[in-house]
Number of protein chains: 2
Amino acid sequence: MAKTGGYSRAATAPALGSLDFALDRGSPVPLYYQLAQQLEAAIEHGVLAPGNLLGNEIDLSVRLGLSRPTVRQAIQSLVDKGLLVRRRGVGTQVVHSQVKRPLELSSLYDDLEAAGQGPATRVVRNEGVQASADVAAALGVAEGSQVTILERLRSTHGQPVAFLCNYLPAGLLDLDTPRLEATGLYRMMRTAGITLHSARQTVGARCATADEAALLDEQEGAALLTMQRTAYDDTGRPVEYGTHIYRASRYAFDFQLLVRP
Amino acid sequence: MAKTGGYSRAATAPALGSLDFALDRGSPVPLYYQLAQQLEAAIEHGVLAPGNLLGNEIDLSVRLGLSRPTVRQAIQSLVDKGLLVRRRGVGTQVVHSQVKRPLELSSLYDDLEAAGQGPATRVVRNEGVQASADVAAALGVAEGSQVTILERLRSTHGQPVAFLCNYLPAGLLDLDTPRLEATGLYRMMRTAGITLHSARQTVGARCATADEAALLDEQEGAALLTMQRTAYDDTGRPVEYGTHIYRASRYAFDFQLLVRP
DNA sequence: AAGTGGTCTAGACCACTCG
DNA sequence: GAGTGGTCTAGACCACTTT
């Protein structure tokens, strides 16, 4: 057996040893967050390869001049992201990925935007209406009260992809049509200081009606992917209810699930 | 405007004061976890109502005889679940829910099982085959190598709902047909000591072929919801690849998204 | 100014895994 | 038995929100 003095670690830690983490105590960015970012970057760039052990937390904290809880907080945040796995008695290692990239739950931030295909949006309708029963229930307002209805047709490469119908509480947001066509609804909400917290989604399918087919440049009876979504801000109040239809021939939901331990 | 003097707290803390948390230091269950469970139960039963403040962490830790970090760990776990929201300078409050219940990412654990409709499963095929190119790519094995194919028809109330086709690395698991019909695939994996870590899913739609229609008791051309999924264990190795089709008339995916802060 | 959560420290002991 | 992560403590100072 090889000497353990500097070797058992040699197979796993050399990358780490040569990594220079630059921590700035003067920065307003928390130390654990600085460390987490630099670890993530190292994984991203392959400096830390899948399966590599990270070296124990005590050594790490000594080397970095941090306390162990701080180092743990950094590591834990990457475990939560699915980049690292901890095993008691073994160590912390980079997940044998396949995945890395699409870890964020997209589809809350406009689905097509994330697809990176330079989507175009045409606002078909943007006005106040009285809430119907289902809209009122979803938004938690009285039936018949004023809400904003927003209908958008989204295309990529000149071809329609989806028809989005959204309802928002009246006065929640300044829904400037030109800005809506230049960016996504969720981006506008964030800019307006609305912090999204959670959303409830139902994804189904059905065949296109004649009207829907005409709108989306499909044939009647073509398969459509449907989604209903209610989004809530961080106080738990509904900020948006939407009914979307997608051309199944041109779009599918693609996402990553992480299993909570 | 109402007086704010002594009211802001009076309306929020009484429920907590009367809560009796029973912490067992002899238990192998971590203290932070015991506390988190009891807080969750209190929220679940409405003892802590949406909007209620929790009282500051220092007081809580003193009252419970715990250190502040331990109390924070308990609270943080519920924040991660989306049950609580923290605001600096304000406090921690129960999220104005609407949601509470379906916070877990189901659809990893058998989708229909969770629906609570006493699903029935019929194993149509369960044997070894040579991996085709797409299956081999998904499972990370060589094309033509041995894998297990599993085809199941799932029904509720005597009506077919979905046709599930799965591929697994050969020898990963003892796929006993009777047990497969009595429980879900993921439950069998967990029992076998396989820890699921993440999954990549694509959800789409298409129209049923004649064969599919016959199998699912639909008409040709009916809308089907499709899902492809690759699941990974905690070392990042693929443990399952599946292609599923669902009758859109009888099934839809229903899930909750949490936005990471 | 007072109160809150956010961050950080420097230790301690335990439970688990592995050789 | 040696090494790892998991839990826990008792403090400290800071940034932010509200009065």
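Throughout, protein chains are lettered first and strands after them, A, B, ... in sequence-line order, and every chain is numbered starting at 1.
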Whole-Å distance between dT7(D) C1' and Q76(A) CD? 13 Å
Verify the distance criterion only: is there a donor paired with an acceptor across the side chains of Q73(A) and Y33(A) at less than 3.5 Å? no
Taking atom C1' of dG5(C) as reference, at what distance in whole Å does atom CG of L60(B) sit? 13 Å
Return the value, rounded to whole Å, for the distance between atom CD of E57(B) and atom P of dG6(C). 6 Å
Taking for each residue the nucleotide of DNA chain D bearing the nearest heavy atom, is the 5' side occupied by P69(A) or by I75(A)? I75(A)
Is there a donor-acceptor pair under 3.5 Å between the side chain of Q34(A) and the backbone N or O of V29(A)? yes
One pair to check against side chain to side chain contact (heavy atoms under 4.5 Å, CB included): L185(B) and L180(B). What are the steps and the verdict? CA-CA 6 Å; L185(B) 177 58; L180(B) 272 170; 4.2 Å; yes
Interatomic distance, L66(B) CG vs dT9(D) C1' [rounded to whole Å]: 10 Å
Is there a side-chain contact between T92(B) and the phosphate of dG5(C), meaning an N or O under 4.0 Å from OP1 or OP2? yes
OP1 or OP2 of dG3(D) less than 4.0 angstrom from a side-chain nitrogen or oxygen of N56(A), does that happen here? no
Select base, sugar-phosphate, or nothing to describe what R72(A) touches, counting heavy atoms under 4.0 Å on all strands. base
Is Y32(B) close enough to dT7(D) that one of its side-chain N or O atoms is under 4.0 Å from OP1 or OP2 there? yes
For P30(A), answer base if it contacts any base atom (sugar-phosphate contacts may also be present), sugar-phosphate if it contacts only those atoms, and nothing otherwise; contact means non-hydrogen atoms under 4.0 Å. sugar-phosphate
Does OP1 or OP2 of dG6(C) have a side-chain N or O of R86(B) closer than 4.0 Å? yes
Any side-chain donor near an acceptor of the partner, Q76(B) and Y32(B), under 3.5 Å: no
Would you say T70(B) places a side-chain N or O within less than 4.0 Å of OP1 or OP2 belonging to dT9(D)? yes
How long is the line joining CZ of R68(B) and P of dG5(C), in whole Å? 7 Å
I58(A) atom CD1 is separated from dC14(C) atom C1', nearest whole Å, by 13 Å
Whole angstrom value for the distance that separates P of dG3(D) from CG of L54(A): 18 Å
Using whole Å, what does the distance between atom P of nucleotide dT7(C) and atom CD of Q73(B) come to? 15 Å
Closer than 4.0 Å, any side-chain N/O of R25(B) to the OP1 or OP2 of dT9(D)? yes
Any chance the side chains of D254(A) and T202(B) put a donor and an acceptor closer than 3.5 Å? yes
Want to settle it: does D59(B) or R87(A) sit nearer the 5' end of DNA chain C, counting the closest nucleotide to each? D59(B)
If you check every side-chain atom of R88(B), which of dG5(C), dC16(C), dC18(C) has the closest atom? dG5(C)
